[in-house]
Amino acid sequence: MRRDKLVVGNWKMNGIASSNSSLLGGIRDKLGGLDEGKAAVCVPFPYLQQAKEALSGSPISLGAQNVSEQDMGAFTGEVSAKMLADFDVKFCIVGHSERRSLYSESSNVVALKAEMLLKQDITPIICVGETLDERDGGMAFEVVREQLRVVLEKIGPKGVDRSVIAYEPVWAIGTGRVASPEQAQEVHAVLRDLVGSSDKNTASKVRILYGGSVKPENADDLFAMEDIDGGLIGGASLKVEDFAAICAAVV
Ligand code: 13P
């Protein structure tokens, strides 16, 4: 089945209003001609309104990087899915490896977050990925399968159908070391198979993005692989030229 490719920028904790303004303006100028639904940027919470305004009327969608697993109430510092919906957020990353490792987020919490987003019609981008030790120990498939299994169990194939999955090998994030297209393809196929064990139709439809040192130079080869449906881009999404060039690989 043909799946529309998608490129999502994850700004992480970078940028301030002034630099965002030129980045968003540049992205808008460069990508104004892109088809709707092919590109998104996930910005830090305080800049959702700025990004919403800057991207309004453009084909680039707005995304967030995290969400609370709680609905509302006394959870100081947290941001709910309902709040994100107020900003017309279309995508939200959950389970990024930086949150799993630095903020002890478990797959159970990731599953709850995905569920909250789905209730607001926001597309969760569910991240999975193994560490270098896990890969070297021959555990990569097992680790990502388990991370996704927990979420799949919670939101079911119907929830996965309304989500995007991202494979981000931890050893390739921000390191300049990219998984080869074959290495990434192999894991993407494992993830698609797992979804297929619950629902074949969802498996053929769900988009699985690759993330980890995607650059203009390697995007074409990665995105050409059968089960790689685009990318989740960190560092390169902070540079207009690079992000635009990576997006050009999906048209
Ligand atoms: P880099 O593209 O900087 O390696 O980051 C990948 C990532 O973590 C995207 O979520």
Side-chain angles (χ1 to χ4, degrees), residues 1-8 10 63 66-67 69 91-101 104-119 122-173 178-212 214 222-233:
M1 137 158 319
R2 206 187 90 75
R3 293 176 293 270
D4 284 338
K5 290 213 189 316
L6 172 67
V7 173
V8 180
N10 174 9
N66 188 24
V67 68
E69 72 277 24
F91 296 95
C92 181
I93 298 170
V94 291
H96 191 281
S97 68
E98 285 149 19
R99 298 221 53 92
R100 289 181 190 264
S101 66
S104 311
E105 240 172 64
S106 67
S107 293
N108 282 321
V109 167
V110 175
L112 291 169
K113 291 183 173 198
E115 195 175 39
M116 281 295 172
L117 291 168
L118 289 169
K119 280 191 197 151
I122 297 172
T123 304
I125 300 176
I126 304 159
C127 300
V128 299
E130 83 286 1
T131 63
L132 188 56
D133 278 355
E134 288 163 344
R135 173 155 285 262
D136 289 346
M139 302 283 287
F141 295 172
E142 204 171 309
V143 167
V144 297
R145 232 191 245 122
E146 179 57 17
Q147 288 172 336
L148 184 60
R149 186 195 63 75
V150 174
V151 183
L152 178 58
E153 206 168 272
K154 181 89 191 156
I155 64 175
K158 283 205 174 70
V160 173
D161 200 44
R162 296 166 56 215
S163 304
V164 168
I165 297 168
Y167 168 54
E168 297 206 305
V170 178
W171 47 272
I173 295 179
V178 62
S180 70
E182 294 73 24
Q183 275 175 323
Q185 164 59 32
E186 196 169 56
V187 177
H188 283 227
V190 163
L191 295 170
R192 202 178 296 287
D193 257 15
L194 175 66
V195 177
S197 63
S198 294
D199 187 285
K200 291 255 176 308
N201 187 39
T202 299
S204 69
K205 276 165 52 192
V206 68
R207 288 179 291 185
I208 309 180
L209 312 183
Y210 168 79
V214 178
L222 285 160
F223 299 171
M225 302 308 282
E226 188 180 344
D227 290 296
I228 302 185
D229 306 310
L232 184 53
I233 321 298

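Nearest heavy-atom pair across Val178 and Gly212 is CG2-O, 3.5 Å. Arg100 and Cys127 get closest at one heavy-atom pair: NH2-O, 2.8 Å. Of all heavy-atom pairs spanning Leu222 and Pro181, the tightest one is CD2-CA, 3.9 Å. Tyr210 and Ala184 get closest at one heavy-atom pair: CD1-CB, 3.8 Å. Of all non-hydrogen atoms in Cys92 and Asn66, the two that sit nearest each other are SG-O, 3.4 Å. Nearest heavy atom pair, residue Val195 against residue Leu152, reads CA-CD2, 4.3 Å.
For Arg145, the side-chain contact (heavy atoms from CB on, under 4.5 Å) test picks out Phe141, Val190, Leu194, with sequence neighbours left out. Taking the side-chain contact (heavy atoms from CB on, under 4.5 Å) definition, one finds that Asp4 meets it with Arg2, Arg207, sequence neighbours left out. Applying the salt bridge (Lys or Arg N to Asp or Glu O under 4.0 Å) test to Glu153 and every residue at least two apart in sequence or in another chain returns Arg149. Thr131 pairs by the side-chain hydrogen bond (donor to acceptor under 3.5 Å, both in side chains) definition with Glu134, not counting sequence neighbours. Residues satisfying the salt bridge (Lys or Arg N to Asp or Glu O under 4.0 Å) criterion with Glu105, sequence neighbours excluded, are Arg99, Lys113. A search for side-chain contact (heavy atoms from CB on, under 4.5 Å) contacts involving Asn108 returns Ser106, Val150, not counting sequence neighbours. Every residue meeting the side-chain contact (heavy atoms from CB on, under 4.5 Å) condition with Ala111, not counting sequence neighbours, appears here in chain and number order: Val151, Lys154. Among residues two or more places apart in sequence or in another chain, the salt bridge (Lys or Arg N to Asp or Glu O under 4.0 Å) test is passed with Arg162 by Asp121. Taking Asp161 as the reference, Lys205 meet the salt bridge (Lys or Arg N to Asp or Glu O under 4.0 Å) condition, with sequence neighbours excluded.
Separation of atoms CD (Glu98) and CD (Glu168) is listed at 8.0 Å; rounding is to 0.5 Å. Atoms CD and OG, on Glu186 and Ser180 in that order, are 8.0 Å from each other to the nearest 0.5 Å. For the atom pair Phe91 CZ and Thr123 OG1, the distance stands at 5.0 Å (nearest 0.5 Å). Going from atom NE2 of His96 over to atom CD1 of Ile173 covers 4.5 Å, rounded to the nearest 0.5 Å. Atom CG of residue Asp227 and atom CD of residue Gln185 lie 4.5 Å apart, to the nearest 0.5 angstrom. Annotation: the span from Ile233 atom CD1 to Leu209 atom CG amounts to 8.5 Å, rounded to 0.5 Å.
Residue pairs satisfying the salt bridge (Lys or Arg N to Asp or Glu O under 4.0 Å) criterion with at least one member in residues 194-203, sequence neighbours excluded, are absent. Identified under the ring-ring contact (aromatic ring centres under 6.0 Å, His included) test for residues 178-206, with sequence neighbours left out: Tyr167-His188. Listed by first then second residue, pairs satisfying salt bridge (Lys or Arg N to Asp or Glu O under 4.0 Å) with a partner in residues 123-133 read Glu130-Arg135, not counting sequence neighbours.
Side-chain atoms of Lys5 never come within 3.5 Å of backbone atoms of Gly231 as a donor-acceptor pair (strictly under, hydrogens ignored). Between the side chain of Asp229 and the main chain of Ile208, a donor-acceptor pair closer than 3.5 Å is present. Without hydrogens or angle criteria, Glu69 side chain to Val110 main chain gives no donor-acceptor distance under 3.5 Å.
Between Val8 and Val164, the closest side-chain pair of non-hydrogen atoms is not below 4.5 Å. Counting only heavy atoms from C-beta outward, the side chains of Leu118 and Ser163 approach each other to under 4.5 Å. Using a 4.5 Å cut-off on side-chain heavy atoms (C-beta onward), Val214 and Val7 make no contact. You'll find the side chain of Ser101 stays beyond 4.5 Å of the side chain of Val170, heavy atoms only.
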Practice problem: Dump the intermediate steps for side chain to side chain contact (heavy atoms under 4.5 Å, CB included) on Ile125 and Asn10, then the final yes or no. | Solution: CA-CA 11 Å; Ile125 300 176; Asn10 174 9; over 6 Å; no
